[in-house]
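Reviewing the structure listed below.
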Amino acid sequence: MSELKTKLVLLLGVALSVVVLYGFLYLEREWEIGVLLVMVPLGVYFLKRANALTYYQHAAREMPRFTWISFALGVVVLIMLLRHEDFALLMLTTVLLYATVSLGLTIQFGFAGVVNFAAIAFFGIGAYSMAILNQHFLHIPDLLIIFFSGAISALLGALLILPILRTRGHYAALITIAFGILFRTFLEVNDVLGGPQGLRVSGLEIFGWDFGNSFPNELGGGSFYVAYAIVALVLLATVYLITRLIEASWLGLNMDSVRLDEVASASFGINGPRWKITAFMLGNCFAGFAGAVYAAMYGFIAPASFNLSDSLLLVSIVLLGGIGNPVAVIPAAFLIVVLPEKFQVIQEYRLLLFGIVVILILRFRPSGLMPRGLRQYFAGRFG
Amino acid sequence: MCKAQRWSCFWILSFLCLFFSGCGEDSETVKITFIGPLTGGVSAGGLGGRNSADLAISLRNQAPDTKYKYELVSLDDECKPNIGVQVATKAAANKDIVAGVTHYCSAVAMGTVDVYHKFNLPVIVWGAVLPDITYGNDYLEIHRINGTMINQNTVAAEFMRSQNFSKWAVIHDTTDYGKGHFKYFQSALSKSEGTILATFGVNPDQQDFTAELTKIKALNPEVIYFGGLAPTGVRIRAQMDKLGMTQVFQGTSGIVSDAFIDGVGGLAEGVLAFREGAPTEKLPGGKMFMEAYEARNFNEPAEAYGAFAFAATNLIIDVIEQVGPDRMLIRDELNATQGHQSIVGPVTFDDHGQNTIAVITKYVVQDGEWVVWEDSEYASGKRFLK
């Protein structure tokens with residue numbers, strides 16, 4: 001396949017995805033959503049029958065860097081198309097942030113095999129760090145605060161890793177669930193952190209640009225959410241790149257071997273706990289970053305936003321996408337965040353229908369929408 | 001490959017068709033949004049409110065002399081602040097929506113007031129009772145038709161003292177709702193020399209209250225005050241019975257719902273609660289509301305706050321009829337509301353948009369129904385609170 005042709009195929013794929021995403025985010029009326037919901041699975045089915053998906057996969061494997069850069073640019077185009085649609089941008093940014101957290105979970109679950117049912121707690125720690133630091137330390141630049149929020153999440157997670165390392169399987173899962181509940185209860189009884197009423201968070205200001213205002217007119221004008229969407233996109237791209245590099249490198253290889261057989265890898269001199277700790281802290285750090293941006297964008301956080309059910313939602317993003325595949329979390333996050341929202345028209349029945357959709361997908365694709373492929377030892381740079 | 005290309009072309013074209021078809025907008029109708037919890041533990045209250053708002057809209061649309069056709073856009077906030085901000089943004093960013101009847105849960109309303117202010121969407125809160133929603137900010141967009149928990153607890157404390165109760169034990173949930181109620185009840189009680197023997201903050205999701213109740217039983221108070229919503233209240237009342245506790249159970253507006261009585265059955269007898277607003281069925285328009293609600297055959301009862309949602313929707317429609325569907329004009333006209341007649345009594349907004357004429361009604365459960373205290377057999381001396 002010639003280089004030009006490969007690039008064309010990749011660009012066509014990006015264009016098609018942007019159109020579908022735009023449709024889902026922009027369209028509001030029942031029949032439009034209904035038509036989309038029928039057309040997209042049908043479209044995917046026919047593309048698959050026509051071998052277009054495999055064709056695209058080959059192309060993506062051939063030029064991994066071109067693929068992800070073109071996708072990132074595709075999302076920029078999408079943001080620009082939606083720049084006057086406040087709500088669509090809010091949803092899109094939420095998707096990007098949830099995907100960031102899910103990448104953290106991918107490193108934990110998918111690479112090193114550490115369970116974490118408290119992802120939303122680390123997300124919440126990031127959010128609360130943002131709220132507190134932004135309020136009391138005005139001279140710290142906001143970019144640095146986002147970074148600190150991630151670091152604080154990772155550090156608090158380091159406390160939790162000790163009991164996790166000493167337990168196995170279900171017990172380790174229970175410890176993380178307990179931590180999630182503990183986190184919420186702690187916030188509710190702690191009046192310094194706003195108590196059950198929650199905290200107001202001021203918006204971001206990066207390089208003197210106040211994100212509370214609408215997007216500058218020189219760049220086309222638009223909602224103030226445009227800026228947040230771009231920050232979230234940059235964050236996701238960075239985190240994605242890190243995840244990909246880890247996966248391709250000896251770090252990922254070590255984590256994989258610890259997950260598959262801890263005893264065997266220990267006998268080859270691989271230090272299991274070290275890789276588990278690394279994966280756990282890194283994943284929580286990602287969650288903290290996302291939480292910080294989330295808090296600044298929503299402008300208000302309360303303990304009730306960080307429930308166990310939200311942790312399960314994040315886990316279901318990873319399961320739905322395909323455990324261990326960093327690319328998969330992005331469409332999965334989109335489905336999980338946007339679908340219930342689009343079902344608003346059927347009101348109280350929407351969560352029921354949403355549950356059915358998830359069950360159907362897992363029934364017919366038990367290893368997720370995009371299962372993780374075999375490790376490629378001699379592929380392109382990020383393959 | 002050729003086949004693949006054909007298919008991609010087909011799908012791209014179909015999508016393009018969709019976009020162009022989505023461009024035409026009809027502007028005849030005026031849209032009003034309703035936001036409340038339609039799913040989750042407190043959905044009974046939210047669905048009742050949604051139906052009532054819907055009823056107000058459809059009654060208006062049937063009336064011959066209305067200038068506009070109205071449409072209700074109802075959204076589900078799940079009683080979670082983050083979802084609340086999401087749907088509030090959705091409603092506020094939609095230029096077709098000119099006003100809102102929003103929120104049953106206080107925590108959600110606290111999070112969304114900033115959104116409404118940012119997008120200049122005038123709203124009337126129909127159920128959330130935390131004082132800070134209106135008094136914690138200077139936003140012109142925020143109004144509230146129901147009273148706050150301050151009024152509710154002042155009346156509650158005075159009434160209970162007048163019934164010669166003097167010792168309380170308190171269980172409240174740790175949300176702002178429960179905590180707030182406890183705070184204002186405590187301060188109201190301290191003025192009238194009642195004592196609180198013990199206080200327990202519980203998680204609203206908590207299932208087993210044996211530990212708390214056993215401790216309370218040992219202290220032997222006369223009344224158990226519960227600050228929280230119906231699902232938790234049902235569990236506590238049922239478990240009190242298991243432990244053989246016969247104290248009077250005093251609740252807050254959150255348990256004044258049929259869901260509470262359905263949940264505890266016969267044990268509900270003699271449970272007290274307080275709610276803002278005049279009793280719906282006693283006002284001239286209230287009877288009409290109840291009848292119209294019956295006539296529509298909704299699947300869910302109107303619940304305690306349905307009348308407020310109905311009155312808020314009506315108030316908004318009245319204002320739109322007067323000044324036209326423009327957010328700014330509606331906002332200013334709402335702020336100037338004085339003595340507007342509604343099915344929950346006259347409405348007057350103060351400079352924070354709070355309805356100042358807050359009548360508090362005392363309720364007691366008698367034979368499986370919430371009865372206004374003054375009409376009950378308890379008040380006439382036929383039955384006694386244990």
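Below, chains carry the letters A, B, ... as their sequence lines are ordered, and counting in each starts from 1.
- Looking at Y177(B), there are no atoms closer than 4.5 Å to chain A (heavy atoms on both sides), in backbone or side chain.
- Residues Y294(A) and N82(B) share a closest heavy-atom pair of OH-CB, 3.0 Å.
- For a residue to count as touching a neighbouring chain, one of its non-hydrogen atoms must lie under 4.5 Å from one of that chain's; by this rule S43(B) does not touch chain A.
- Closest approach of K80(B) to S309(A), counting heavy atoms only: NZ-OG, 3.7 Å.
- With contacts defined as side-chain heavy-atom distances shorter than 4.5 Å, the pair T174(B)/T185(A) does not qualify.
- Annotation for Y298(A) and Q86(B): closest pair OH-NE2, 3.1 Å, computed over non-hydrogen atoms.
- The part of D205(B) that comes within reach of chain A is its side chain, from C-beta onward, which places non-hydrogen atoms under 4.5 angstrom from that chain.
- Rounding to the nearest 0.5 Å places CG of N137(B) at 6.5 Å from CZ of R200(A).
- When every heavy atom of A93(B) is checked against every heavy atom of F87(A), the shortest pair comes out as CB-N, 4.1 Å.
- For V202(B), no part sits under 4.5 Å from any heavy atom of chain A, backbone or side chain.
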